[in-house]
Amino acid sequence: MAHTTLAEKFRTMDYGAAPEDPAQALAWLDQFKGRFGHFIGGAWTAPAEGRYFETCDPSTGEKIADIAQGSGSDVDAAVKAARAALPRWQSLTPHARARFLYALARQVQKHSRRLSVLETIDNGKPIRESRDIDIPLVARHFYYHAGWPQLLEQEFPGYQACGVVGQIIPWNFPLLMLAWKIAPALAAANTVVLKPAEFTPLTALAFAELCNEVGLPPGVVNIVTGDGSTGEALVVHPDVDKIAFTGSTEVGRAIRRATADSHKKLSLELGGKSPFVVFEDADLDSAVEGLVDGIWLNQGQVCCAGSRLLMQESIAVPITKKLQARMAALRVGSPLDKTTDIGAIVARVQLERIEALVAQGVAEGASCWQPDMPIPSRGLYYRPTLFTNVHPTSVVAQQEIFGPVLAAMTFRTPAEAVELANNTAYGLAASVWSESVNVALQVSARIKAGVVWVNSTNMFDAACGFGGYRESGFGREGGREGMREYLQPTWFRKAPLLRRGAAQGRDPTRVSAPAIDRTVKLYIGGKQVRPDSGYSIECRSRKGVLLGEVPLGNRKDIRNAVEAARRAEQWSSAGAHSRAQVLYYLAENLSQRGKEIVARLAAVVGKRQASEELRLSVERLFTYAGWADKYEGVVHSPPFRNIAVAMNEALGTAGVICPEEAPLLGFLSMVLPLVVAGNCVIAVPSAAYPLIAGDLYQVFETSDVPGGVINMVTGRPAELMKVLADHDDVDTLWCYGDEGLCAAAKRLSAGNLKQVWTNEGRRIDFFHERYGAGRWYLDHACQAKNIWVPYGE
Ligand code: NAI
């Protein structure tokens, strides 16, 4: 008789079915008789236009329920309910608000299984993921944020809630994205109108019921369901104070444009094409397991999916082999089966999108490999897919596929790895694998991404900010920086509006004959240069006396200045101490030249203001020299064997349209926080007194400011702003001016989704340290990068 060894048995064992019982979730759905209205003012409300759409189970194609299609009037009713609820919600004590958040966390935990099953049948994700990742993180988010209300007064003095917040979320992590949005909004005492994605509305509706169960005051949370048009109605609603969006970059761009003409605060969490970088000294088996999480979690429908595998050339063959073996062992099948690794794709349109992009990849010549494995004949499934021989510029290397598709490329050196990693318009996340802490941390610091996981992937925690660089959007979710998105300085909201046209002031644009008194030049890359246009514009005193001329800068000059700023990028890695030293030296030299500068400036702003500007400018230089080595990141200790180092990184190249009214102090108040944070700047000086550029560059030249760190282009602010907004290599635009100019800056910056900070047309009193300097400015001059570092064996 032939004996079967234990090892043979082990090899031939297969999984039995381990289905999750959906009975309780289905019973809950039955209570609603398969039809859901909106949740407005704490009550279920039929859609005004009586329209419904179906939500389906992507693993079977079967209809689950009818969902209300939100119209403009539904959105309006929800916004009104949120507005009406605001005073009562804000009059509660912080402790009372904390208790509501705590109660919501508890309620999520109490109903965690029902929520997991609902998520799985609506989205198609494996129950293992919804049960073990999504829903526990939802609870953690509410617990974490339950801690904030009572700390706000001390941690954010002088800040207040934005008001009514409109939130639009995608379908890939439906309840988790809801938690990421609603928890901080409520913790900061806002009220909310949230629109879930049309493919996955069920858990948001289940959450609405939890809000009632914990007795949340009606109107504090409102849920309006519907498609993109419902989202659009929320975005353009005039009584919404802030929009928070997660979804595609394309829609993010549309929202940036649609909100430009308003005072709405905006945060965008958009797409990604995140690199997964494996060095030859990495633990390859761990890296392969990391990839399974990195690209096959949630069928690859993850904004921060590690969709580009960058392998050091020497290990390309072994890692590819290991990867293929692991891929062949993945189980694609019913999401409700607890042994399933890869569930169903959310909707047919998404499946077709994946198929089309993969076909394009094949057509472009990349090699496509899929394991020969069974997949269910019914439902929307896609096999795990690996592309090799991928050209870095090909579609599969550049476009977000949002499916279980990995594109592998090779590199030789760490520098090449960084170059490849950054060869994308996105900048959401990255994973770096190496047993050398030096290599791992150096590469992590150089990759442009909001989150970097060292020897790990897809780790999330409510205490650690999450969000992108570049076209992956701006703003953070989670942590202190996430709270900031839902708060605003009270003084800023009350600041009076500038008169329209004030920013342009008197016409500085008269093109004139040769210089009479003083002629200054542009200042680019540390050199005084003539303008491309060959024209100058006059600068006159209050009484109309010609004081001198400044160059009429144009597109070409801005381009040169951007190039110079890019070349000076190493400024961001100059130590904080060195940056502070430069500022102190600047203060010294400014003070020495003070008398002559004041005498000239006085002709435009009067003697008193000129002296005050000088005195406060020297002070401000000291202020920011002080901040240089004190505006620091933090170390989070998430509930894993990790630390997450949250570093404040420079945004890169900054365009600055300076205020007209305080030519010297306004200039420094805007430029210094950017410079001290490590950015390089192209500043357009005050239109009222652009001659200040001449005084400033003489001071810069004698103060060791490295060439290219501060560039100055004089000219017509509105025109130069357009060029800066349009320029893809400008990472942030700070624009001070009237409402029209600010709106244009936001609208025109939608192209590469650069971060825009404006004064919203409000007058900022730069003469007051509280308004003109400090953390608020630095917060806008940096972006947080969270580097997750594991420890232990
Ligand atoms: P989408 O960006 O269209 O949808 C996300 C949310 O925005 C949904 O709630 C939708 O109803 C809403 N929306 C759509 N148009 C809107 C508008 N004009 N104004 C306001 N809200 C609007 O994403 P979609 O079409 O579902 O997926 C397309 C691609 O987007 C995916 O293949 C993927 O590449 C990317 N995506 C990225 C996500 C991320 O987390 N970064 C999430 C979802 C999609």
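All ligand and atom numbering here is 1-based and tracks the order in the structure. Numbers here simply count residues along the sequence, with the first being 1. Note that the coordinates shown come from a computational prediction; the quantities given were computed from them, not determined experimentally.
With Asn172 contributing its side chain and Gln301 its backbone, the two residues share a donor-acceptor pair below 3.5 Å. A distance-only check finds no donor-acceptor pair linking the side chain of Arg476 to the backbone of Met483 [under 3.5 Å]. Panel note: side chain Asn422, backbone Ile447; no donor-acceptor pair is recorded below 3.5 Å.
Residues Arg131 and Asp134 are not paired through a salt bridge, judged by the lack of any N-O separation under 4.0 Å between the basic side chain and the carboxylate. Electrostatic pairing of Asp239 and Lys264 does not count as a salt bridge here, judged by no charged N lying under 4.0 Å from a carboxylate O. Salt bridge present: Asp261 and Arg747 bring a charged side-chain N and a carboxylate O closer than 4.0 Å.
Within ligand 1, counting atoms from 1 as listed, the ones closer than 4.0 Å to a heavy atom of Leu270 are 41 (N). Those atoms of ligand 1 that come under 4.0 Å of a heavy atom in Phe245, given as number and element, are 2 (O), 6 (C), 7 (O). Residue contact check: Gln350 has heavy atoms under 4.0 Å from atoms 27 (O), 28 (C), 31 (C), 32 (O) of ligand 1. Every atom of ligand 1 is numbered from 1 in the order shown, and the set under 4.0 Å from a heavy atom of Ala197 is 9 (O). Listed by atom number, the atoms of ligand 1 under 4.0 Å from Glu198 heavy atoms are 8 (C), 9 (O), 10 (C), 11 (O). Atoms of ligand 1 found under 4.0 Å from any heavy atom of Glu400 (numbered from 1 in listed order, with element): 33 (C), 34 (O), 35 (C), 37 (C). Close approach of ligand 1 to Pro170 is summarised as follows: ligand atoms under 4.0 Å from at least one heavy atom of the residue are 42 (C), 43 (C). The Asp227 neighbourhood of ligand 1 comprises atoms 11 (O), with distances under 4.0 Å to a heavy atom of that residue.
For atom 8 (C) of ligand 1, the nearest protein heavy atom (residue, atom name, distance) is Ile169 O, 3.6 Å. Regarding atom 12 (C) of ligand 1, its nearest protein heavy-atom neighbour is Ile168 CG2, 3.7 Å. In terms of protein heavy-atom proximity, atom 39 (C) of ligand 1 is closest to Cys303 CB, 3.4 Å. Distance from atom 31 (C) of ligand 1 to its nearest protein heavy atom, with residue and atom name: Arg353 NH1, 3.4 Å. Given atom 21 (N) of ligand 1, the protein heavy atom at minimum distance is Gly231 CA, 3.6 Å. What sits closest to atom 26 (O) of ligand 1 on the protein, heavy atoms only, is Trp171 NE1, 2.6 Å. Protein heavy atom nearest atom 37 (C) of ligand 1, with residue, atom name and distance: Phe402 CZ, 3.5 Å. In terms of protein heavy atoms, atom 13 (N) of ligand 1 is closest to Gly228 CA, 3.6 Å.
Heavy atoms from both the backbone and the side chain of Ser248 come within less than 4.0 Å of ligand 1. With a heavy-atom cut-off of 4.0 Å, Asn172 touches ligand 1 through its side chain alone.
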For residues 353-368, please give each side-chain donor-acceptor pair under 3.5 Å, one per line with the distance, not counting sequence neighbours.
residue	atom	partner	partner atom	Å
Glu364	OE1	Val395	N	2.9
Ser367	OG	Asn389	ND2	2.7

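Contact between Pro126 and Gln299 at its shortest, heavy atoms only, is CD-OE1, 3.3 Å. Scanning both residues, Ala206 and Leu118, for their nearest heavy atoms gives CB-CD1, 3.9 Å.
For Gly271, the closest heavy-atom approach to ligand 1 falls below 4.0 Å.
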- Item | Verdict with reasoning, Asn298 to Asn123, per side-chain contact (heavy atoms from CB on, under 4.5 Å) | CA-CA 9 Å; Asn298 200 20; Asn123 166 281; 3.6 Å; yes
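Rounding to the nearest 0.5 Å places OG1 of Thr200 at 12.5 Å from CD1 of Ile121.
Under the side chain to side chain contact (heavy atoms under 4.5 Å, CB included) criterion, Asn423 pairs with Pro392, Gln398, sequence neighbours left out.
Summarising the contacts of atom 18 (N) of ligand 1 with Lys273, Glu232, Glu269, the nearest heavy atom is found in Glu232.
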